[in-house]
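Just below is one structure, and these are the notes that go with it.
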Amino acid sequence: MQKGLAGLKRTNYCGELTKSDVGNTVTLMGWAAKNRDLGGVLFIDLRDRTGMVQLVVNERAKDGIFERAEGVRSEYVIGIEGVVRLRDAETVNKNISTGEVEVVVNSLVIYSKSQTPPFYIEEDSDTNEQVRLKYRYLDLRRPDMQKNIILRHKACKVVRDYFDKNGFLEIETPMLIKSTPEGARDYLVPSRVHNGAFYALPQSPQLYKQLLMVAGMDRYFQIARCFRDEDLRADRQPEFTQIDIEMSFVDIDDVIAVNEGMLVDVFHEIMGVKIETPFERLPYDEAMERFGSDKPDTRFGLELINVTDIAKGCGFKVFADAEASGGSVRAINVKGGADKLSRRDLDSLVDFVKTYRAKGLAWVIITKDELKSPIAKFLSTDDVNSIIQRAGAVVGDVLLFVADKDEIVFDALGNLRLEIACRLDLIDKSKFNFLWVTDFPLLEYDDEQKKYVAKHHPFTSPKDEDVELLDVDPLKVRAKAYDIILNGTELGGGSIRIYDSNLQKKMFSLLGFSDEEAHKRFGYLLDAFKYGTPPHGGMAYGLDRLMMLLTGSNSIRDVMAFPKVQNASELMTNAPDIVDRKQLMELGIKIVSNE
RNA sequence: GGCCUGGUAGUUCAGUUGGUUAGAACGCUAGCCUGUCACGCUAGAGGCCGAGGGUUCGAGUCCCUUCCAGGUCGCCA
């Protein structure tokens, strides 16, 4: 039966005991990580959030302590009172922070016993994630998970302190909001009071933060939970956290400066890394041309080379056709690749680009006196020389070509570039390459829906000098949008917003909303804009992705306490689950089978 | 929805061409052990081989279906 703390009061944490505590009587509480029973003396490693310390019990100890200690198994929760003692030089354990001392136990209470845990509570567990997630409360006891969660807390604190210091107010926005069917799929919450009506969970606090600017709050931030009902990935969860920011009376440079300051603080406090500002800025078009990606990893080369003009006239139909249908032929030059990429490797790279809808990958190996390539016979000597010259290729290099629509060429080569860098170990892991990608297109054309869609979101302002193009050539209009990229990962993005209700109306109409529709969905925003709206703009970061980078994790799940698995369920609680008929009745909901 | 990888003891894995009673390590249980820290020694328990169906004299192994987990494409304004 439970017996409270049994008269003990904790005086110290396990991991914090040092030589300076020698001689002190301390009371410790925690989990028994290990019990080494040597017969006449036994050792227990006692663990808490801060680390571990070795307890010693001798068989001569009074009050049956030795017998009780012998019964202590892994993960029992115990409290002890004891005296800190210096270890003999030859028994010091250099592997733990408290290895120079140990605690001689004078009294011992077993607060709770533990079943044998399904996996070892240790650093670097190799246990299947399925098991770890089912017993997440045990997984979270492991030191590396505790470290991640603690670091996340610290990062949030740095962020809060930074924005506070810079005049931002932390303001909460609602979780039960109006659905906006634009963008990702919404999670819906049925209303009991309004039969047949639904709230949505926010995909982001976007409109509320803009309305806070209209409300004169001037500078807002929030560490906000967001929800998107889309398929999961290693770096995507259905609920995730954004560091969300909005500022009044600013343009791009102001927002960028504030955000660079935040990243400087975070990297200094959390990583002890001094990062240089201002960060490089790269226009979207250049990012795509050079790296085939709007979030380029600039820690290595392998830049894209456009050879469309040379390839269009060659005898290789695939190249000629790509040009003729408005696409392009582009290549990357793998320096010295002839020795590093076997024929088998090349074949696997062909398969690799196919996952990005490329129809194939042409390769050319440059040897001393000939080209080794399936397409060599289609290329004239002139063509070959021009390509080699443009690519700066020399003997031993391998050129890899994709020909298709630009979109596919960029996607395939952009990802191929990363794949090769990874395989050939070309990435300097010690680098932190921060980069702003700017001048995104405001709109994209969606072939399926046959209409324009917003690249960022419908509230993004066009660049001042491009506003006139809205009527003439909307796809040419560049946005006041910017993404922050670190080592090829998009940490966040933002934009300067439209603050003029007429421009906002025009934007909605370009996106194919009738006046009526725009009013129904976003009327409150358009109305608000009629009452004096400051120019404003902001930014949002994926906190989980940031923590993934800061902790060197491979998955976003390792920086979240209770993540969901790929089918969006939670293995510990088994959510989502069916609910009582009575609950559904109250909500006026009837389940219709999907089959 | 598509593609790829995996599922065998509590955990991590091995399991030959389809062939007797499915193995190892760690963990667990019991006993011994006074300086261990991956303690050691001795003994022992522990299996619906993800599930269902099929082929076969015989299936962990081959085939089909299905479930689960991971990665990824689509999707993610």
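Just so it is clear: chains get the letters A, B, ... in the order the sequence lines come, proteins before strands, and each one is counted from 1.
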Within the modelled atom types, does a donor on one side and an acceptor on the other bring the side chain of A:R236 and the base of B:C76 under 3.5 Å apart? yes

Which part of the nucleic acid, if any, lies within contact of A:L133, taking any heavy atom under 4.0 Å across all strands shown: a base, the sugar-phosphate backbone alone, or nothing? nothing

Would you mind reporting whether A:L349 and A:E419 have side-chain heavy atoms less than 4.5 Å apart? yes

How close or far is atom C1' of B:A77 from atom CZ of A:F440, stated in whole angstroms? 13 Å

B:G70 P sits how many Å from A:D235 CG, rounded? 14 Å

From the candidates B:A77, B:U72, B:G70, the one with an atom nearest any side-chain atom of A:E182 is B:A77

When the nearest nucleotide of RNA chain B is assigned to A:Y120 and to A:L232 on a heavy-atom basis, which residue is associated with the more 5' position? A:Y120

d(CD, A:E123; C1', B:U11) in whole Å: 18 Å

Checking N1-N3 plus N6-O4 or O6-N4 for Watson-Crick, or N1-O2 and O6-N3 for wobble, each under 3.5 Å, the partner of B:U17 is none

Whole-Å distance between B:C37 P and A:L55 CG? 17 Å

A:K354 NZ - B:C73 C1' separation (whole Å): 15 Å

Using heavy atoms to find the nearest nucleotide of RNA chain B for A:R36 and A:P117 separately, return the residue whose nucleotide is more 5′. A:P117

Look through every strand shown and name the nucleotide pairing with B:G40 as Watson-Crick or G-U wobble, where both distances are under 3.5 Å. B:C32

If I take atom CD in residue A:E129 and atom P in nucleotide B:G70, what distance separates them, rounded to the nearest angstrom? 6 Å

Treat primed atoms plus P, OP1 and OP2 as sugar-phosphate and everything else as base, then score nucleotides 28-35 of chain B 5' to 3': B for base contact with protein heavy atoms under 4.0 Å, S for sugar-phosphate contact only, - for none. SSS--BBB

From CG of A:D45 across to C1' of B:C39 the rounded distance in Å is 11 Å

Using atom C1' of each nucleotide, how far apart are B:G47 and B:U56 to the nearest Å? 25 Å

Complement of B:A69, any strand, by Watson-Crick or G-U distances under 3.5 angstrom: B:U5

Against the side chain of A:E230, the closest entry in B:G74, B:A77, B:C76 is B:C76

Between B:G74 and B:U16, how far is it from one C1' atom to the other, in whole Å? 41 Å

Between B:U61 and B:C3, how many Å separate the two C1' atoms, rounded to a whole number? 25 Å

With a 3.5 angstrom cut-off on both distances, give the Watson-Crick or G-U wobble partner of B:A77, or none if there isn't one. none

Reckon A:P458 touches a base, only the sugar-phosphate, or nothing at all at heavy-atom distances under 4.0 Å? base

Quote, to the nearest angstrom, the C1' distance that separates B:U72 from B:G53. 31 Å

Between the base of B:U72 and the side chain of A:Q566, is one N or O donor paired with an acceptor at under 3.5 angstrom? yes

Evaluate the ring planes of A:F440 and A:Y284, with Trp represented by its six-membered ring, and classify them as parallel (under 30°), tilted (30 to 60°) or perpendicular (over 60°). tilted

Check the distance between B:U12's P and A:I121's CD1 and give it to me in whole angstrom. 13 Å

